[in-house]
Amino acid sequence: MSTLTLGLAEAKNNFSKVASEVHRSGRSVTVLKNNKPWVLISPVQSSGENESAVSVAVDFMDEYGKSLKSWRNDEQEK
């Protein structure tokens, strides 16, 4: 099964459709930036990996939230 490729702008403008297609077909999509492979969007393989991915996402969002709150506090103090 071959990997699909998309340009960065096309992937950005159609991200929901791309993600749905990756999930539906089980095929990965390589996103190109300046005609060079940049990122790979791939489906989750198993529930074990899914739990790990969810854990990483939750940790990322927690850290992002802390950073955003800190940035907002810094801006208000100016």
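Bear in mind that the values here come from a model prediction, so they are computed numbers and not experimental data.
- Using a 4.5 Å heavy-atom threshold, the side chains of V18 and I41 count as touching.
- In the displayed structure, N34 atom CG is contacted under 6.0 Å by at most 12 heavy atoms of other residues, nucleotides or ligands.
- Considering NZ of K66 and CE of M61, their distance stands at 13.0 Å, rounded to 0.5 Å.
- Residues E21 and V29 fail the side-chain proximity criterion, which asks for heavy atoms closer than 4.5 Å.
- Atom CG of N35 is separated from atom OG1 of T5 by 9.5 Å, given to the nearest 0.5 angstrom.
- Looking at every heavy atom in both residues, S42 comes nearest to V22 through C-CG1, 3.7 Å.
- Smallest separation of non-hydrogen atoms from T30 and P37: CG2-CB, 3.9 Å.
- Contact of the L32 side chain with the W38 side chain is not registered, since no non-hydrogen atoms from C-beta on lie closer than 4.5 Å.
- Across all non-hydrogen atoms, the minimal contact from S28 to L40 is CB-CD1, 3.7 Å.
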